Colleague: 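First the structure, then my questions, so here it is.
Below, read A as the first sequence line, B as the second, and so on, with proteins coming before strands; counting in each chain starts at 1. Predicted model only: the values in this text are computed from it and were never measured.
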Number of protein chains: 2
Amino acid sequence: MRKITDRQKQVLEYICDFIDEHSYAPSIRDIQKHFGLKSTKGVKDHIDRLVDKGYLNRKEGTARALKVIRDDTKAIKKVPLVGTVAAGLPLLAEENIEDYLPVSADMGRTEGMFFLRVNGDSMINAAILDGDLVLVRPQPFVEQGEIAVVRIGDEATVKRFFRFDSRIELLPENPDFEPIVYWDEDEDIRVVGKVTAVLRTLE
Amino acid sequence: MRKITDRQKQVLEYICDFIDEHSYAPSIRDIQKHFGLKSTKGVKDHIDRLVDKGYLNRKEGTARALKVIRDDTKAIKKVPLVGTVAAGLPLLAEENIEDYLPVSADMGRTEGMFFLRVNGDSMINAAILDGDLVLVRPQPFVEQGEIAVVRIGDEATVKRFFRFDSRIELLPENPDFEPIVYWDEDEDIRVVGKVTAVLRTLE
DNA sequence: CTCCTACCTATACATATGTTTACTTCTAAA
DNA sequence: TTTAGAAGTAAACATATGTATAGGTAGGAG
């Protein structure tokens, strides 16, 4: 049920290209002309099927109201930038959202992900500088040594994460900083997610 | 000539919101209803002015063919990723384009800009690692000490740029690498542009 | 063969939508 | 006061566009 025919794929691609170029969707007759068809019916059939199969969304009776759902090529998703979070969790409360930044969809699932502005130089040797933005995928555990966002009490921090039995070590990437060590029952500490990308703006 | 009235701003905002929500533009009558107007004329006037003032683009006679140019809030632009360029200039030949990455429009003008994949560790102390992507704004000159993309013969390199009279020095940010020094008439050397942002994907 | 689907032509209809003409009201600048 | 622009009402008009009806052809599955 999922697969589309070659022809349907051609139509879908044309729709995507058209939107890319004009930033509005083609009309049925636009598509008709492009493929040199002599009737609008064929085009509507294709669109109907693309809608059925979940590739397109449409508002019936409305001009140029096509929306591409699954492109199978690429797309852009908007990821919220949560400020330099310190106190005031939960992280994703709407009040904390400063902005939305575009991310390539081929970076994988972006649902739930968010950007966080890094505060301080503690990760400088991992090439993460003060003010850089990190893209965070929320997850309760990370692999040994991965760079993670960790919540300690009301503070959020970015560090390399290690766990030895019930001891948790958060290692900065800067010799001027000391490792942070916790024991399980010690404090309210929790892995928020894993750092997936780094974005820095110069100038 | 540039400024828009409060009412026009309201209309523009509504158009942006509508597009965000539906991913296609509102019709004139959609706007009319939203503002509780009893004629389409007023709306068309507003749109005409927004077009005149460069905030909107429109295909006349075409349904829902509005395109927001200047949002004054935010937008997304796509910037081409030129591969790990070495030989094979000119840089922006279409064959070199690997992909397009989304960039926030509030990063300024993106016309002509491109992403470049950095090769090697020579800028490691500027927190630019092997494989990182740098966003480049083409420009023939850069300020003293700025990080620039420089073309030497058929190779492109990312370095800190200095010029002393007719001597050009390209300084790596890694003690293991030696500065590169050129004289004006020495070789075919040219500043391609300035590094404006750094993007790194982990995992 | 028969049935079904993908794909297409031909023609027509209904309405969604951009455009226009003619006026009115209000505010601010000259 | 006069003038000009912003904002809006009213009533049409023209066409761009989605939708529907009636078939037609080709190929695969049963």
Side-chain angles (χ1 to χ4, degrees), chain A residues 1-19 21-70 72, chain B residues 1-19 21-70 72:
Chain A
M1 280 297 180
R2 279 292 149 75
K3 280 193 177 166
I4 55 179
T5 66
D6 287 342
R7 193 59 162 167
Q8 286 161 14
K9 193 167 191 172
Q10 286 174 33
V11 174
L12 180 61
E13 267 187 50
Y14 175 68
I15 293 172
C16 291
D17 289 346
F18 191 104
I19 293 176
E21 190 183 335
H22 302 84
S23 69
Y24 52 83
S27 68
I28 285 184
R29 283 172 181 80
D30 287 334
I31 302 172
Q32 179 199 340
K33 278 170 203 159
H34 177 263
F35 286 97
L37 303 181
K38 297 181 181 170
S39 166
T40 57
K41 182 54 166 40
V43 177
K44 195 177 187 279
D45 286 348
H46 286 136
I47 289 179
D48 285 343
R49 263 147 226 156
L50 285 169
V51 170
D52 290 342
K53 294 177 180 175
Y55 285 78
L56 281 182
N57 214 315
R58 164 190 41 184
K59 180 79 184 300
E60 301 194 7
T62 308
R64 298 173 185 276
L66 293 176
K67 177 180 177 180
V68 176
I69 307 272
R70 257 194 317 177
D72 283 356
Chain B
M1 280 295 180
R2 281 291 148 79
K3 280 192 179 169
I4 55 178
T5 66
D6 287 343
R7 194 58 161 167
Q8 285 163 13
K9 193 165 191 171
Q10 286 174 34
V11 174
L12 180 61
E13 266 186 51
Y14 175 67
I15 293 173
C16 293
D17 289 347
F18 191 104
I19 293 176
E21 190 183 337
H22 300 85
S23 69
Y24 52 82
S27 69
I28 286 184
R29 282 173 182 80
D30 286 334
I31 303 173
Q32 179 199 341
K33 278 171 201 158
H34 177 263
F35 287 96
L37 303 182
K38 295 178 182 171
S39 165
T40 57
K41 182 53 165 43
V43 176
K44 189 166 191 289
D45 285 349
H46 286 136
I47 289 179
D48 285 344
R49 264 150 223 152
L50 286 169
V51 171
D52 290 342
K53 294 176 179 175
Y55 285 79
L56 281 181
N57 214 316
R58 162 189 45 180
K59 181 80 185 299
E60 301 196 9
T62 307
R64 297 175 186 275
L66 293 175
K67 177 180 177 180
V68 176
I69 308 271
R70 257 197 313 180
D72 283 358

Colleague: For A/Q8, enumerate each residue passing the side-chain hydrogen bond (donor to acceptor under 3.5 Å, both in side chains) test, keeping only those at least two apart in sequence or located in another chain.
Modeller: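 Expected list: A/K53.
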
Colleague: Would you name the heavy atoms of A/I19 and A/A25 that are closest together and state the gap between them?
Modeller: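 Taking A/I19 first and A/A25 second, the nearest heavy atoms are CG1-CA, 3.7 Å.
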
Colleague: With hydrogens left out and only the distance checked, is there a donor-acceptor pair under 3.5 Å joining A/T40's side chain and the base of D/dT17?
Modeller: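 Under the 3.5 Å cut-off, the side chain and the base do not form any donor-acceptor pair.
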
Colleague: For B/H22, give me all partners under side chain to side chain contact (heavy atoms under 4.5 Å, CB included), at least two apart in sequence or on another chain.
Modeller: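 Counting only residues at least two positions away or on another chain, B/H22 forms a side chain to side chain contact (heavy atoms under 4.5 Å, CB included) with B/F18, B/Y24.
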
Colleague: Using rotation axes that map the C1' atoms of four end pairs onto the next four (five pairs an end), what angle separates the end axes of the helix from C/dC1-D/dG30 to C/dA30-D/dT1, to 10°?
Modeller: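 The end axes of the helix from C/dC1-D/dG30 to C/dA30-D/dT1 are about 30° apart, to the nearest 10°.
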
Colleague: Give the rounded distance in Å between these two atoms: CZ of B/F35 and C1' of D/dA6.
Modeller: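 After rounding, the reported distance stands at 15 Å.
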
Colleague: Just jot down the salt bridge (Lys or Arg N to Asp or Glu O under 4.0 Å) partners of B/D48, sequence neighbours excluded, or say none.
Modeller: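 Expected list: B/K44, B/R58.
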
Colleague: What is the distance from CD1 of B/I28 to P of D/dA11, rounded to the nearest Å?
Modeller: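 These atoms are roughly 19 Å apart.
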
Colleague: Mind checking side chain to side chain contact (heavy atoms under 4.5 Å, CB included) for B/S23 and listing every partner two or more places apart, or none if nothing turns up?
Modeller: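 Expected list: A/K67.
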
Colleague: Rounded to whole Å, how long is the line connecting atom CG of A/L37 with atom P of D/dG18?
Modeller: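 From A/L37 CG to D/dG18 P: 15 Å.
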
Colleague: Give the minimum heavy-atom separation between B/P26 and B/L66, together with the two atoms involved.
Modeller: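 So the minimum-distance heavy-atom pair works out to O-CD1, 4.1 Å.
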
Colleague: Tell me which pairs pass salt bridge (charged side-chain N to carboxylate O under 4.0 Å, His left out) where either residue lies in residues 26-41 of chain B, with sequence neighbours left out.
Modeller: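 Output for this query lists B/D30-B/R64, B/K41-B/D45.
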
Colleague: Please list, in numerical order, the residues of residues 41-48 of chain A that have a heavy atom closer than 4.0 Å to any atom of DNA chain C.
Modeller: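 When residues 41-48 of chain A is checked for heavy atoms under 4.0 Å from DNA chain C, the hits, listed by number, are A/K41, A/G42, A/D45, A/H46.
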
Colleague: Do the side chains of A/V43 and A/V11 get nearer than 4.5 Å, heavy atoms only?
Modeller: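 Side-chain contact under 4.5 Å: no.
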
Colleague: Just the endpoints, please: which first and last nucleotides of DNA chain C, 5' to 3', lie under 4.0 Å from a heavy atom of chain A?
Modeller: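 Using the under 4.0 Å cut-off, the span is C/dA6 to C/dT17.
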
Colleague: The criterion is side chain to side chain contact (heavy atoms under 4.5 Å, CB included); which residues satisfy it with B/D17, sequence neighbours excluded?
Modeller: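 With sequence neighbours excluded, B/D17 shows a side chain to side chain contact (heavy atoms under 4.5 Å, CB included) to no residue whatsoever.
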
Colleague: Can you check whether B/Q8 has a side-chain N or O nearer than 4.0 Å to OP1 or OP2 of D/dA7?
Modeller: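 For D/dA7, OP1/OP2 do have a side-chain N/O of B/Q8 under 4.0 Å.
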
Colleague: In this structure, how many angstroms lie between the C1' atom of D/dG18 and the CG atom of A/D30, rounded?
Modeller: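 Rounding to the nearest Å, CG of A/D30 and C1' of D/dG18 are 13 Å apart.
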
Colleague: Can you list the steps and then say if A/I47 with A/I31 is a side-chain contact (heavy atoms from CB on, under 4.5 Å)?
Modeller: CA-CA 10 Å; A/I47 289 179; A/I31 302 172; 4.0 Å; yes

Colleague: Looking across every strand, which nucleic acid part, if any, lies under 4.0 Å from A/R29 by heavy atom: base, sugar-phosphate, or nothing?
Modeller: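 It contacts base atoms.
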
Colleague: Is there a side-chain contact (heavy atoms from CB on, under 4.5 Å) between A/Y55 and A/R49? Walk through the geometry before answering.
Modeller: CA-CA 9 Å; A/Y55 285 78; A/R49 263 147 226 156; over 6 Å; no

Colleague: Nearest 0.5 angstrom please: B/I15 CD1 to B/L56 CG, how far?
Modeller: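 If we round to the nearest 0.5 Å, B/I15:CD1 and B/L56:CG are 4.5 Å apart.
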
Colleague: Please lay out, stage by stage, how B/N57 and B/V51 fare under the test side-chain contact (heavy atoms from CB on, under 4.5 Å).
Modeller: CA-CA 6 Å; B/N57 214 316; B/V51 171; over 6 Å; no

Colleague: Mind running a 4.0 Å heavy-atom check of residues 57-64 of chain A against DNA chain D and sending the residues that fall below it, in number order?
Modeller: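 Residues of residues 57-64 of chain A that come under 4.0 Å of DNA chain D are, in numerical order, A/R58, A/E60, A/G61, A/T62, A/A63, A/R64.
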
Colleague: Which whole-number value in Å describes the distance from B/R7 CZ to D/dG8 C1'?
Modeller: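 Answer to the nearest Å: 10 Å.
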
